[in-house]
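Data first, discussion second: the structure below is written as structure tokens.
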Amino acid sequence: MTTRQISAKEVKALRDRTGAGMMDCKAALQESAGDMEKAIDILRTRGAAKAAKRAERRAAEGTIGAYLHHNGKVAVIVELNSETDFVAKNPEFQRLAKDLAMHVASAAPVAVSADDIPAAEVARERAVYVAQVAEEGKPEHIRERIVEGKLQKWFKESSLLDQAFVKDPERTVRELVEAVSAKTGEKVSVARFVRFQVGGA
């Protein structure tokens with residue numbers, strides 16, 4: 001029996017619906033031969049979709065992660081939330097807050113998630129891409145698709161949760177946060193961050 005190839009798009013769609021990790025989603029889709037509903041049932045049975053349930057809960061406790069770059073020119077403060085003070089004091093949770101602050105210093109994301117990027121900034125970026133494809137002389141009927149593709153790539157590069165984690169590029173910051181959430185059994189979320197840089201943003 002040949003194993004059906006599972007696309008990254010299918011994995012992402014399942015992950016968006018369940019909140020489960022990428023590898024769990026891929027394995028469930030392979031097991032269900034690409035059947036989305038069956039894959040969801042598999043994840044629920046295994047408990048990998050617990051993160052989705054946690055997402056509905058309120059994370060009102062937490063800690064502040066801070067990082068000052070060795071050159072003294074970049075500093076970051078990150079607010080990381082949990083549901084209880086007990087988890088907020090957990091060494092792994094505290095380490096995550098510090099790692100996120102260091103990541104923000106290095107990767108300079110625009111916002112926590114793509115949804116948080118200001119509309120004016122998105123519009124400005126889109127205008128640049130529209131001008132680019134026109135300059136490149138791309139056919140009219142595919143221009144919008146190219147612009148959308150460029151915009152989606154920019155969203156991933158600009159939003160903290162979608163960026164590849166600087167200390168482990170094989171996984172995203174979102175996956176890193178989800179891993180700590182799974183270990184603690186609580187909702188863990190990045191509330192906000194501020195990045196200061198001498199002489200500019």
Side-chain angles (χ1 to χ4, degrees), residues 1-62 78-84 86-88 90 92-93 95-97 99-100 103 107 109-117 122 144-145 148-193:
M1 191 175 94
T2 55
T3 308
R4 180 182 172 293
Q5 282 295 106
I6 303 299
S7 72
K9 191 176 177 183
E10 288 174 298
V11 174
K12 184 183 183 305
L14 180 58
R15 184 175 176 221
D16 288 345
R17 287 183 64 180
T18 63
M22 296 292 261
M23 297 312 292
D24 288 324
C25 288
K26 188 175 182 183
L29 281 164
Q30 284 172 335
E31 196 175 320
S32 68
D35 186 313
M36 188 69 67
E37 298 306 318
K38 277 185 186 168
I40 289 171
D41 289 342
I42 289 167
L43 287 173
R44 282 189 179 140
T45 303
R46 289 181 185 158
K50 281 179 186 169
K53 288 177 186 170
R54 281 196 291 273
E56 295 165 13
R57 304 202 306 241
R58 188 161 171 262
E61 295 293 336
V78 173
E79 181 185 343
L80 185 66
N81 292 150
S82 61
E83 291 176 58
T84 64
F86 176 77
V87 166
N90 178 296
E92 192 158 4
F93 183 88
R95 187 164 60 249
L96 174 62
D99 279 346
L100 290 177
H103 173 93
V110 174
V112 173
S113 71
D115 293 337
D116 299 324
I117 299 175
V122 175
E144 185 56 31
R145 201 161 68 237
E148 277 306 311
K150 284 176 179 280
L151 205 54
Q152 289 307 313
K153 183 171 183 282
W154 177 74
F155 279 143
K156 283 189 176 176
E157 291 168 352
S158 304
S159 62
L160 171 62
L161 294 175
D162 292 321
Q163 289 179 333
F165 179 45
V166 291
K167 285 170 78 174
D168 180 7
E170 291 299 305
R171 59 179 175 168
T172 64
V173 170
R174 188 189 307 276
E175 287 168 331
L176 179 71
V177 172
E178 282 174 356
V180 173
S181 177
K183 279 183 187 174
T184 61
E186 285 193 10
K187 178 182 177 181
V188 173
S189 61
V190 184
R192 53 193 164 163
F193 66 82

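Values in this document were obtained by computation on a predicted structure and should not be read as measured data.
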(request) May I have the step-by-step check of side-chain contact (heavy atoms from CB on, under 4.5 Å) for Val112 and Leu161, ending in yes or no? (result) CA-CA 6 Å; Val112 173; Leu161 294 175; 4.0 Å; yes
(request) Find the distance between NZ (Lys183) and CD (Glu92) and round it off to the nearest 0.5 Å. (result) 4.0 Å
(request) Would you give the length of the straight line joining atom CD of Gln30 to atom CD of Gln5, rounded to the nearest 0.5 angstrom? (result) 8.0 Å
Where [X] and [Y] come nearest, the two heavy atoms and their spacing:
X	Y	answer
Leu14	Cys25	CD2-O, 3.5 Å
Ala88	Gly62	CB-O, 3.6 Å
Ile117	Ser158	CD1-CB, 4.1 Å
Pro109	Leu160	CB-N, 3.7 Å
Val188	Leu80	CG1-CD1, 3.9 Å
Glu10	Ser7	OE1-N, 2.9 Å

Is [X] reaching over with its side chain to a backbone N or O of [Y], donor-acceptor style, under 3.5 angstrom?
X	Y	value
His103	Phe165	no
Glu83	Glu186	no
Gln152	Gly149	no
Thr184	Ser181	yes
Ser82	Thr84	yes

(message) Taking CE in Met36 as the centre, count heavy atoms belonging to other residues, nucleotides or ligands within less than 6.0 Å. Is the count above 12?
(response) yes
(message) Under the rule for side chain to side chain donor-acceptor pair (under 3.5 Å), what residues qualify as partners of Arg192, not counting sequence neighbours?
(response) Glu79
(request) Apply side chain to side chain donor-acceptor pair (under 3.5 Å) to Glu170 and list each qualifying residue two or more places apart in sequence or on a separate chain. (result) none
(message) Taking the side chain as everything from C-beta on, heavy atoms only, tell me whether Glu178 gets closer than 4.5 Å to Arg171.
(response) no
(message) Taking the side chain as everything from C-beta on, heavy atoms only, tell me whether Glu144 gets closer than 4.5 Å to Glu148.
(response) yes
(message) Between Lys156 and Lys153, is the side-chain contact (heavy atoms from CB on, under 4.5 Å) condition met? List the steps.
(response) CA-CA 5 Å; Lys156 283 189 176 176; Lys153 183 171 183 282; 5.9 Å; no
(request) Any chance you could lay out the side-chain contact (heavy atoms from CB on, under 4.5 Å) test for Asp168 and Leu176, step after step, and finish with the verdict? (result) CA-CA 9 Å; Asp168 180 7; Leu176 179 71; over 6 Å; no
